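Here the structure is laid out as structure tokens; the discussion comes afterwards.
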Protein chains: 4
Amino acid sequence: MNSSSKYSFRNDYSELAHPEILKALSEVGTKQFSGYGLDEYTKSAADLIRAKIQKPDAGVHFVGGGTHSNLIVISSLLRPFEAAIAPHSGHICMYETGAIEATGHKICAVNSSSGKLTPNDIEDVVAAHKDEHMVNPRLVYISQSTENGTVYTKSQLQAISECCRKNGLYLFIDGARLGAALCSSACDLTYADIANHADAFSIGGTKNGILLGEAIVLCNESMKQDFRYHLKQKGALFAKGASIGIQFEALMKGGLYEKLANHANMTAAKLAEGIKNAGYEFLHPVETNQLFPIFPKAVFEKLQQSYEFYEWEKISDKSAARIITSWATPMEMVERFIDDLNA
Amino acid sequence: MNSSSKYSFRNDYSELAHPEILKALSEVGTKQFSGYGLDEYTKSAADLIRAKIQKPDAGVHFVGGGTHSNLIVISSLLRPFEAAIAPHSGHICMYETGAIEATGHKICAVNSSSGKLTPNDIEDVVAAHKDEHMVNPRLVYISQSTENGTVYTKSQLQAISECCRKNGLYLFIDGARLGAALCSSACDLTYADIANHADAFSIGGTKNGILLGEAIVLCNESMKQDFRYHLKQKGALFAKGASIGIQFEALMKGGLYEKLANHANMTAAKLAEGIKNAGYEFLHPVETNQLFPIFPKAVFEKLQQSYEFYEWEKISDKSAARIITSWATPMEMVERFIDDLNA
Amino acid sequence: MNSSSKYSFRNDYSELAHPEILKALSEVGTKQFSGYGLDEYTKSAADLIRAKIQKPDAGVHFVGGGTHSNLIVISSLLRPFEAAIAPHSGHICMYETGAIEATGHKICAVNSSSGKLTPNDIEDVVAAHKDEHMVNPRLVYISQSTENGTVYTKSQLQAISECCRKNGLYLFIDGARLGAALCSSACDLTYADIANHADAFSIGGTKNGILLGEAIVLCNESMKQDFRYHLKQKGALFAKGASIGIQFEALMKGGLYEKLANHANMTAAKLAEGIKNAGYEFLHPVETNQLFPIFPKAVFEKLQQSYEFYEWEKISDKSAARIITSWATPMEMVERFIDDLNA
Amino acid sequence: MNSSSKYSFRNDYSELAHPEILKALSEVGTKQFSGYGLDEYTKSAADLIRAKIQKPDAGVHFVGGGTHSNLIVISSLLRPFEAAIAPHSGHICMYETGAIEATGHKICAVNSSSGKLTPNDIEDVVAAHKDEHMVNPRLVYISQSTENGTVYTKSQLQAISECCRKNGLYLFIDGARLGAALCSSACDLTYADIANHADAFSIGGTKNGILLGEAIVLCNESMKQDFRYHLKQKGALFAKGASIGIQFEALMKGGLYEKLANHANMTAAKLAEGIKNAGYEFLHPVETNQLFPIFPKAVFEKLQQSYEFYEWEKISDKSAARIITSWATPMEMVERFIDDLNA
């Protein structure tokens, strides 16, 4: 609960849903539909995604949240002795309460200050796992955008994808913030590029304007036939799946998804510009809607009187903040923040 | 998708959500709230439930669906070698793709034509499991109402509860249709009774008027401290948990939950009366919003031209249908069905 | 501990190991060998089995016990949503503490008074599992000999095998007592038949004269490449795997395996003949080294003063005993038992 | 298979079993005993261990191998969201094919060049895991001796133990090479110390002279009641458990365990002295039967013509070897190795 009067830059899921989403839900009335995601809205939402990614035969499914998406995709792809490779800062390594391990699989975590994996990282892990006394790394997990707010470029993703194919590894892209990534000026990737390089990826809705929900996109043909079994077994096949399908249809129609992501990026860029002009540096380059400015303690304390955001990492006598903008962040709040910083 | 013009009596999740629910969502606007179910709406919804069940210290959590609720509660209670006892027709035995087994636990299924467990059933299972070569039954799972649409009465539940306590078994009640059960004229149980007898139970929202969601109520003190870890690990702790909290607040406030359940039960009773008057029998007593009338083949074919419902079980040359009414079933549709049956 | 002076017919693992086995172990001395089953003894034992089953390319591995063998084979074959089909009396259903479920998989148990599965049983299970709301049955588990001491004949096994292939099911044969089965006069199957029909099977050593150990034979090509990963992950790849390899080499060489099984069967047949001549009936046909004679209470009590065996099942005012002979059962003990019965 | 004529210093499980062990097995004859570890030999072996550790009420069980011991102990102690803390070089992190993760639990691996954990390491991990978005570290895993051949001293172990108790963590000590550790001159710990500090620990037999087997010792009272369920479910409860009990009885009786460990340590010390005198350094201090001397490439090549051992780690233009002595290493082989090194 945000009982305080402070404005929150804690994350991009602090506001409920964009009015277009709620309007779409309201318009359904008492129309009847099929259960478990076999309704016309969900089908339409899936078709909109297939068109956007230019992959008419992709499998598209909708689940409630990102951890669920991650654990279902990964556990559906791996055999018992196979493992995932991920950067140490990856969401599945740090913030999912061992959800992947709970499905039986080790994550081979790679230290990476940038939060990105490189082909070299991947090949080092593969080379270190030689025989049956060790897990067999079989899947690469990356996030786009990363937990540091940065993006993989086309050439970076292509190199990872080639490395994966060469080494017989699946590539799964956690797109909880895929909108912010693909709408970033630092990113030269299209939806179709993502679909071409990944075996599976997700498209986050929760962090980009809907009540809750993520799309899972299956590009690898072999994943398609049985995926609903995995969804059902893990508790992700909702009787009223249409509730999420309706929202994704509205989100994917008419560019709303990109409009909302652009707004988050734009307000972040504005904030970053103001913070930079005020003389502060950043822990990571600002490429999407996550900023990690480094403030002295006194500045922290001053700002936290009016704003909520995380203290992310201590850096000698200063600290990096984590500030996140959303589809709903008002520009005046950005300006007020800069004014307060400069005051 | 329900592309046909037939009216569907397939289930109670064919219509999206009651207008009061959508209104509650719409009124939130861009107000900011805390993530992961720590917001004021979720807190308020939990408090309303605690008041309703007269257990001010109960743990209350909200998840997206019933299978998720079942697997999280059961796996949180059992140690690796412990098992659940359930009627063979229980949802966890039949329709959850092995979700409980996927968390590592066997279900000791008891054949029960009524769909209900008795203390004798439970004690037989306990007696048959003597040593470490077998699983140790540790939890009893029942559904209220059952998959047959029937309800446990106060004396039946009390007997089960006593049997559980005597044998050191947890009691978990799957309340995906708890509203229909507690509003049934065949049921003399209160919310407080449920809370007093069960270690944990769920209160279904999906099948009683909201977009999606179930409340999990923890009555056993020992379950409370760490339950959010289980939720998170299994993918059930939604960043925008408020989306469900807001709906449950609206559902639990001012008797909406009971109003919707009563409507489903009332239309079912009306249907049952008409079917009985037309001379047909039922596979199970009609006590809630699920009916299992037995029709000859010709009647089946006639009705299925205008209505959707399941053929549930062949009975010599006839079949039992499964017909379900919902919070949204119009009375005129009930009347039309009876007219068509008599035509 | 068998502190009593009673002779035990409880099971076929009451005596340590045949002298030939201990001799083989003693002859190794301090010769050095490779670890983890890559030694020359294990290789030789595997080759002897490959020759016996006439399958030169079969995968052969050795583990410590039957439950371990069952859980590793089954979990290595099934994907998360897939299930095993087994007779209710199967060892994996009853006596393995949920070991299969602990690897995440449901067992679809079929009631079978004979302890055998039929193609009809299998097809009923397959037909009852239609969509993603249920597990997908993918493997058939049978025991040869069964828990009732009976054997599948060639035509019975062939029918099951054809049913499995038609329905895309793996066939796994638990051969904890495969020796007793194949040496039974009621059984017209050869080792090669077993290997031709099964995707995988085990050859029990523990119950046929060695210290401990089971061979796992992989006939399905797809299982071979990664099986050592499964063994290692589940704790079955012993550093000193040679300890079991040496024993299996001795067991498989020169017909010792069949000699020991024949002795157990022969003493059982002798016992059965005596019991039958004394006027008693049997719960199951006596085909191998397990007997289930039905005795009145007084006979039970008399015999249990001198012999240990299980009371298996109450049958009105009588009970079926379970009596098991082993490779080490002395013929004089059989004769004494018959004398005592007739006394 | 060791087909070459080279002498192997690869590990301490290259030779089968000490003659005393085989003699004990041979003396049993056809004596009958109870199954599943309930026999008199196993009981006697357990009592000998209880006496040695001065803990008359400790739970003692015997399993086939170290990975099995590790996965059963750890999974029996942890609830689903709980994790183990271990040094990165710990056997469970590196060489067990994700066995712990396969039971659903994450390992929080700590980088430690020494291969030992310190209280600071442990507290750092605890401090980094604050809430339900992360696993809850609940158990500390250390090996005695470590994978580097070093030992925890009394004060080191006491500090870890206190840290564990203060933080509500279980302490599990992997004693696959406990004999080598406790017999090391660098180690001032007794068996009783180990039992007083650990909640559970293992005593390795495989690497100290028996065919195969490890003892699991449960010091924490709460682990004792249900441990056989865990053993059975994971495939570790052998029907002919007596096979291991007999060996451990012989091993624990009359100081054989220590005699064998001392021999391994002594030959290692002799090797270390010779290598040091020849002018080479070591990657880790030589405290038990594992040596990591650093040799130039030419020396490596020369030695590997006559001896088998691992190249463990490249160190600029040299490499550290891993050389292991065993209970069976002949002193003349040690001398020959030194001679060859100096030649």
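Residue numbers start from 1 in every chain, and the chains themselves are labelled A, B, ... in the order their sequence lines are given, proteins ahead of strands. What you see below is based on every heavy atom in this structure, not just the backbone, and it leaves out hydrogens, waters and symmetry mates. The structure presented is a predicted model; accordingly, all values stated were derived computationally and were not measured.
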Rounded at 0.5 Å granularity, tell me how far NE2 in His68(C) sits from CZ in Phe238(D). 7.5 Å
Give a yes or no on whether the backbone of Thr97(D) and the side-chain of Gln233(C) come within a donor-acceptor separation of less than 3.5 Å. yes
With a 4.5 Å cut-off on heavy-atom pairs, point out which of Leu22(C), Ile100(C), Thr67(C), Leu211(C) contacts chain D the most. Leu211(C)
Step through it carefully: locate the ring centre of Tyr13(D), locate the ring centre of Tyr36(C), and say whether they are under 6.0 Å apart. yes
Say you draw a straight line from CG of Leu237(D) to CD of Glu96(C); how long is it, rounded to the nearest 0.5 Å? 11.5 Å
Only one of Lys240(C), Gln32(C), Lys31(C) clears side-chain hydrogen bond (donor to acceptor under 3.5 Å, both in side chains) with Glu15(D); which? Gln32(C)
Gap separating the CG atom of Leu212(C) from the CD1 atom of Ile244(D), nearest 0.5 angstrom: 5.5 Å
Please flag which part of Ile21(C) lies under 4.5 Å from any non-hydrogen atom of chain D: side chain, backbone, both or neither. neither
Can you say whether Tyr41(D) sits under 4.5 Å from chain C via the side chain, the backbone, both, or neither, judging by heavy atoms? neither
A quick test of your reading: do over 12 heavy atoms of other residues, nucleotides or ligands sit less than 6.0 Å from NZ of Lys259(D)? no
Note: vs chain C, highest number of non-hydrogen pairs under 4.5 angstrom among Ile210(D), Leu25(D), Asn11(D) is Leu25(D)
Could you report the tightest heavy-atom contact between Ala239(D) and Thr206(C), atom names first, then the distance? CB-CG2, 4.0 Å
Any chance you could measure Thr30(C), atom OG1, to Leu16(D), atom CG, to the nearest 0.5 Å? 10.0 Å
For Leu71(D), is it the side chain, the backbone, both, or neither that has a heavy atom closer than 4.5 Å to a heavy atom of chain C? side chain
